[in-house]
Amino acid sequence: MDGKSSSPWLFTLPSFLLCLSLCTTTRLCLGSDTISANQSLFGNQTLVSSGGNFELGFFSPGNSSYSYIGIWYKKVSVPTFVWVANRGNPVTDRSSAELKISGGNLVMVNESRVPVWYTNLTTSSSGSSSAVAVLGDDGNFVLKEGPNSSVTLWQSFDHPTNTWLPGAKIGIDKRRNTSQLLTSWKNAEDPSIGLFSLQLEPSSEYFIWWNRSEHYWTSGVWDNQTKIFSLVPEMRLNYIYDFKYVDNENESYFTYSVRDANTISMFVMDLSGQIKQESWLVSSGAWNLFWSQPRQQCEVYRLCGPFGVCSESTDNFCSCLPGFSTSSPRDWNLSDWSGGCKRNSDLNCPANASNEQIDRFSLRSNVKLPEDPQSVVAGSDNECQAACLNNCSCTAYAFKDNNCSIWFGDLFNAQQLTQGDTSGSSFYLRLAASDVEDPSKKSNVTAIVAGSVSAVVAMLAVVLFGIWRWRRRATVTTKTVEGSLIAFAYRDLQVATKNFSEKLGGGGFGSVFKGTLPDSSHIAVKKLESISQGEKQFRTEVSTIGTIQHVNLVRLRGFCSEGDNRLLVYDFMPNGSLDYHLLYRKDSKTLDWKTRYQIALGTARGLAYLHEKCRDCIIHCDIKPENILLDAEFCPKVADFGLAKLVGRDFSRVLTTMRGTRGYLAPEWISGVAITAKADVYSYGMMLFEFVSGRRNSEPSDNGAIRFFPTWAASKIAEGGDLLDLLDPNLETNADADELTKICRVACWCVQDDETRRPSMGQVVQILEGVLDVNLPPIPRALQLFVDNTEHVVFFTESSSSNQSSQTKSNASTASSQNQNSSSSTKSRS
Ligand SMILES: *[C@@H]1O[C@H](CO)[C@@H](O)[C@H](O)[C@H]1NC(C)=O
Ligand SMILES: *[C@@H]1O[C@H](CO)[C@@H](O)[C@H](O)[C@H]1NC(C)=O
Ligand SMILES: *[C@@H]1O[C@H](CO)[C@@H](O)[C@H](O)[C@H]1NC(C)=O
Ligand SMILES: *[C@@H]1O[C@H](CO)[C@@H](O)[C@H](O)[C@H]1NC(C)=O
Ligand SMILES: *[C@@H]1O[C@H](CO)[C@@H](O)[C@H](O)[C@H]1NC(C)=O
Ligand SMILES: *[C@@H]1O[C@H](CO)[C@@H](O)[C@H](O)[C@H]1NC(C)=O
Ligand SMILES: *[C@@H]1O[C@H](CO)[C@@H](O)[C@H](O)[C@H]1NC(C)=O
Ligand SMILES: *[C@@H]1O[C@H](CO)[C@@H](O)[C@H](O)[C@H]1NC(C)=O
Ligand SMILES: *[C@@H]1O[C@H](CO)[C@@H](O)[C@H](O)[C@H]1NC(C)=O
Ligand SMILES: *[C@@H]1O[C@H](CO)[C@@H](O)[C@H](O)[C@H]1NC(C)=O
Ligand SMILES: *[C@@H]1O[C@H](CO)[C@@H](O)[C@H](O)[C@H]1NC(C)=O
Ligand SMILES: *[C@@H]1O[C@H](CO)[C@@H](O)[C@H](O)[C@H]1NC(C)=O
């Protein structure tokens with residue numbers, strides 16, 4: 001079920017066992033976890049697992065008048081059904097339907113005694129009259145030969161519905177050639193088989209399938225060495241689960257367990273078409289999203305159905321194309337959008353009446369085009385349009401770069417892009433004349449039909465002019481000035497860098513080389529890797545980056561884009577990157593406290609500019625000491641900004657390119673929720689801890705144990721302890737006490753689990769400048785729960801239960817009460 005719409009008691013549960021008649025051979029005992037042969041379960045009776053974790057019985061989801069046999073969490077206050085027996089065969093009267101063991105099989109019969117669900121075992125042992133079915137505390141419902149038998153005849157874990165519980169496997173039985181599927185519900189009130197399913201493929205990778213015919217997400221293959229799925233790099237960041245992948249001659253499967261037995265956690269193939277991993281937060285009484293894929297809702301195949309359009313920037317994602325309305329508003333309301341949209345008026349084709357009734361075309365701009373266009377030979381927009389008009393099943397066309405595409409039948413997978421996204425195209429949607437929006441503008445629309453020739457000429461001119469300009473640039477070998485940026489020729493950069501011989505470093509996006517221009521100024525040249533963008537888009541993004549200029553940002557001087565080569569040319573920074581001075585050289589003279597404070601402040605200013613002052617907010621995505629460069633005066637300059645955008649909008653790819661920098665990544669990078677500027681704030685906070693300690697946050701301490709510095713520091717800070725204890729020993733306690741307090745508190749606020757509690761970079765600047773006071777921060781839960789193990793670093797998405805959301809307060813008394821609130825609400829775990 002959708003974690004977001006977890007309004008309490010969305011589902012009605014059988015609340016009490018009304019069958020008060022006692023345990024007999026045919027009646028169940030109150031609270032029993034076992035159903036024996038000749039007993040039956042009906043009405044409001046339930047089984048409860050021995051430790052009280054799970055309950056089994058009839059339930060009716062939401063407003064549904066149907067009943068199902070299912071298993072749900074007993075300790076979770078939001079009804080969450082982890083397994084359903086009769087998914088597609090509901091009963092209407094739960095008091096006369098029943099679940100029983102008959103002939104060694106579990107059988108559920110409906111009101112007319114007709115089996116609607118059964119285990120269908122034919123093995124010799126299944127005739128046993130002593131068979132029992134036990135609901136385990138792990139949520140597994142197991143049919144056994146007898147109460148004390150260890151032979152499992154059947155278990156619900158082998159027949160999952162939409163939920164994958166810890167301990168269960170989703171894999172392939174090689175002997176039977178069968179595989180398990182995790183399949184979404186049809187809608188929020190109907191557990192029957194929905195469109196989306198997760199399945200392990202023989203190639204040892206998981207696919208998410210749409211209607212078991214098209215897959216739109218893959219985990220990538222299991223990597224034996226790194227023990228992660230190759231396209232799920234965030235698995236490295238996990239610290240609350242243990243994973244296991246087993247591949248032998250009989251079966252292959254993936255399974256997991258939760259390290260802390262008190263954590264209630266599950267995977268669910270959600271109605272949204274995303275696989276989600278959620279944990280139950282006792283303190284806030286809600287499911288908390290830990291991880292989900294695909295990261296973008298609109299990547300889900302055909303999510304919005306025919307003529308639907310998906311948009312990441314609206315809350316409900318799906319809407320209808322103009323001239324269409326929702327086919328089934330009720331289904332959309334229940335989170336099933338697959339029915340899509342229907343025309344408000346039928347097309348008038350073939351047209352046989354007056355010109356007035358000829359179908360019109362309505363322009364839709366900045367979209368990712370619908371799937372399956374057909375190519376048609378057409379020399380102009382007009383010809384392309386005519387090609388569509390002449391075929392009654394043609395529903396849309398697009399004419400771009402002299403290519404004509406037309407679509408037949410239902411349109412799927414159109415996506416409305418957000419305003420800043422320049423990768424979109426336009427297409428014309430065919431509509432009945434009466435559905436074209438504003439009747440007063442009819443003449444304008446007709447003008448599109450009739451006047452498109454001139455429009456095309458104009459467009460062509462623009463396109464040709466563009467091509468001409470592009471050609472002209474591409475053939476130029478000497479430097480050309482483009483805006484404030486220089487377009488370098490590759491050959492010139494080869495010369496400047498002596499054929500890329502002096503490597504300065506290698507980051508996530510590519511290696512950096514030192515170079516010298518003919519005017520003897522020094523440059524740093526970054527050779528970008530894995531750039532998927534075309535020439536045009538690259539130039540657009542680069543010129544955007546070129547306009548971003550601030551004293552605390554490394555200046556982009558130019559770029560090179562020739563063939564497959566994409567290079568960026570920056571000012572050279574003589575003092576290199578901060579990590580060298582801070583973490584390796586450990587030179588207390590050059591990096592004394594005053595300098596560190598100035599670097600912290602300058603970095604904050606640079607980031608605040610990126611987040612708040614540029615036209616489009618730029619999220620850096622990779623803040624760490626390696627990306628803070630120092631000029632001759634040790635003035636900090638943030639490097640590598642805007643590159644995440646160059647690599648692409650797919651943030652999981654960004655994550656892949658940022659290998660090794662996990663210590664700075666905010667929890668939202670794992671959970672799959674949208675990344676905002678607050679992710680940078682988190683990384684900045686992590687870096688501030690290193691400014692203070694002068695070492696990596698997770699370095700082995702003197703006695704060899706791995707200690708995570710921020711955990712220790714945060715408790716010290718929150719307790720109001722002596723902060724000099726935290727200070728880099730190289731500084732020999734030479735630090736301004738006030739500034740040290742400020743930096744420590746800011747660091748701790750920046751790494752709060754809940755991003756709304758983190759300050760903005762602008763606020764950080766104000767605090768460090770002394771304009772704004774900063775109160776005592778609470779200890780972030782993630783840090784408290786941190787398991788001391790570098791392989792399972794630091795992250796936890798639980799937000800503190802305290803409702804206070806402001807990060808900075810000038811009032812010291814609210815500060816301490818906030819701190820108490822927060823500490824008292826956090827369970828201590830070992
Ligand atoms: C169940 O009923 C059958 C026949 O009615 C009987 O033979 C069997 O002993 C009963 N089993 C139990 C466990 O009571
Ligand atoms: C089951 O419980 C509901 C509500 O608690 C009640 O209305 C209904 O009569 C009960 N059904 C049976 C068969 O006891
Ligand atoms: C159930 O129905 C009631 C009234 O019929 C309505 O107010 C409520 O929103 C419905 N709940 C759901 C989850 O559809
Ligand atoms: C029981 O199930 C059978 C088979 O699905 C169906 O024909 C019958 O109508 C059902 N009885 C009731 C009362 O729904
Ligand atoms: C039950 O098992 C038999 C034999 O294995 C098979 O033919 C039949 O299709 C199965 N029925 C169901 C509902 O799975
Ligand atoms: C099952 O084991 C329990 C003790 O573990 C014993 O008391 C009981 O008699 C056994 N039942 C059967 C049917 O063997
Ligand atoms: C396993 O089943 C699939 C279809 O479910 C089939 O394509 C494949 O050939 C089968 N493999 C073997 C070894 O029987
Ligand atoms: C899913 O596939 C089945 C055939 O396997 C088809 O009948 C059905 O219409 C498909 N569902 C949708 C929503 O396209
Ligand atoms: C993975 O590693 C195990 C041992 O660690 C080995 O037995 C197995 O063959 C490996 N599988 C693959 C596909 O490399
Ligand atoms: C595979 O199954 C066979 C037969 O059940 C069994 O003997 C063998 O040990 C199994 N192999 C593994 C690796 O579990
Ligand atoms: C959709 O659900 C809301 C409550 O969540 C309800 O008020 C509304 O009536 C429902 N609409 C339809 C069409 O079911
Ligand atoms: C053609 O026009 C006639 C009369 O105006 C109308 O009855 C008929 O439905 C039209 N045909 C189509 C295909 O629209």
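When a ligand or atom number is given, it counts from 1 through the structure's own listing order. The analysis underlying the following values was restricted to heavy atoms, covering all of them including side chains, and did not include hydrogens, waters or symmetry mates.
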| For ligand 4, which atoms have a heavy atom of E111 less than 4.0 angstrom away? | 12 (C), 13 (C), 14 (O)

| query | Contact between W210 and ligand 8, counting heavy atoms under 4.0 Å? | reply | yes

| task | Would you mind checking if R330 and E189 are paired as a salt bridge, meaning a charged N to carboxylate O distance below 4.0 Å? | result | yes

| said: Between D336 and K186 (salt bridge meaning N to carboxylate O under 4.0 Å), is one present in this structure? | reply: yes

| query | Does an N or O anywhere in N211 fall below 3.5 Å from an N or O of ligand 8? | reply | yes

| For atom 12 (C) of ligand 4, which candidate among S112, S96, P90 provides the closest heavy atom? | S112

| query | Has R175 got any heavy atom lying under 4.0 angstrom from an atom of ligand 10? | reply | yes

| said: Under a 4.0 angstrom heavy-atom cut-off, which atoms of ligand 10 come close to E249? | reply: 11 (N), 13 (C)

| field | D435 side chain to S345 side chain, donor-acceptor N/O pair below 3.5 angstrom | value | yes

| said: Do the side chains of E251 and K169 get close enough for a salt bridge, i.e. N-O under 4.0 angstrom? | reply: yes

| message | For W83 and W117, take the angle between the two ring planes, folded into 0 to 90°, and tell me which bin it lands in: parallel under 30, tilted 30 to 60, perpendicular over 60. | response | perpendicular

| field | atom 7 (O) of ligand 10 within contact range, any protein heavy atom under 4.0 Å | value | no

| field | Test log, rule ring-ring contact (aromatic ring centres under 6.0 Å, His included), inputs W287 and Y73 | value | CA-CA 12 Å; W287 285 103; Y73 287 100; 5.5 Å; yes

| remark: Ranked by distance from atom 4 (C) of ligand 4, the top protein heavy atom is V114 CG1, 3.7 Å

| Looking only at protein heavy atoms, which one is nearest to atom 3 (C) of ligand 4, and how far off is it? | N110 ND2, 3.5 Å

| query | Should the pair Y301 and Y216 be assigned to parallel (<30°), tilted (30 to 60°) or perpendicular (>60°) ring geometry? | reply | parallel

| field | Closest protein heavy atom to atom 2 (O) of ligand 10, given as residue, atom name and distance to 0.1 Å | value | N250 ND2, 2.4 Å

